[in-house]
Amino acid sequence: MQTWAIVLIVAAGILAGFFIGLIFQKIRKRKERAIGNLIIADAEDGKEPPYIYLELHKDVDTIYSKKSV
């Protein structure tokens, strides 16, 4: 096999690996967006609406300056 073909195949492999890495990085960042769990607790007497709690995984100061969470 000629030298230029080997160099071309190696370069194509490096570029493909780079783009696959970018895709995995984007997917991982989407999954990290969750900041907590939403907990809905029904009222005991059934007359009041349910209580809604947000259990945070991050510190309040981290999300305080953001427009939406």
Side-chain angles (χ1 to χ4, degrees):
M1 189 175 250
Q2 295 182 0
T3 307
W4 62 270
I6 294 172
V7 171
L8 185 63
I9 291 171
V10 170
I14 290 172
L15 283 174
F18 178 75
F19 286 119
I20 290 171
L22 284 176
I23 291 169
F24 280 121
Q25 183 180 9
K26 295 276 186 185
I27 292 171
R28 196 180 93 215
K29 281 187 178 181
R30 284 187 197 154
K31 289 182 180 179
E32 292 178 347
R33 288 187 180 176
I35 61 164
N37 294 327
L38 185 63
I39 301 170
I40 301 172
D42 290 327
E44 291 180 12
D45 60 3
K47 294 179 183 176
E48 294 182 24
Y51 297 103
I52 298 176
Y53 299 99
L54 179 61
E55 184 181 74
L56 295 174
H57 299 295
K58 296 184 178 185
D59 191 19
V60 175
D61 294 331
T62 307
I63 60 172
Y64 177 73
S65 63
K66 300 189 183 222
K67 283 187 170 184
S68 63
V69 291

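Starting from 1, each residue takes its place in the sequence as its number. Atom set for the values below is all heavy atoms of this structure, side chains included, hydrogens, waters and symmetry mates excluded.
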Quiz item: Got a sec, which hydrophobics cluster with Val7, joining ILVMFWY side chains under 4.5 Å apart, including via others?
Solution: none
Set of side-chain contact (heavy atoms from CB on, under 4.5 Å) partners for [X], sequence neighbours left out:
X     : value
Asp42 : Pro50
Ile23 : Ile27
Tyr53 : Ile39, Ala41, Tyr51
Leu22 : Phe18, Phe19, Gln25

Exercise. Tell me, please, which residues at least two apart from Gln2 pass side-chain hydrogen bond (donor to acceptor under 3.5 Å, both in side chains).
Key: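 Testing Gln2 for side-chain hydrogen bond (donor to acceptor under 3.5 Å, both in side chains), a comparison that skips the adjacent residues, returns Trp4.
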Practice problem: Consider only side-chain heavy atoms of I, L, V, M, F, W and Y, link residues closer than 4.5 Å, and tell whether Leu54 and Val60 are in one cluster. | Solution: yes
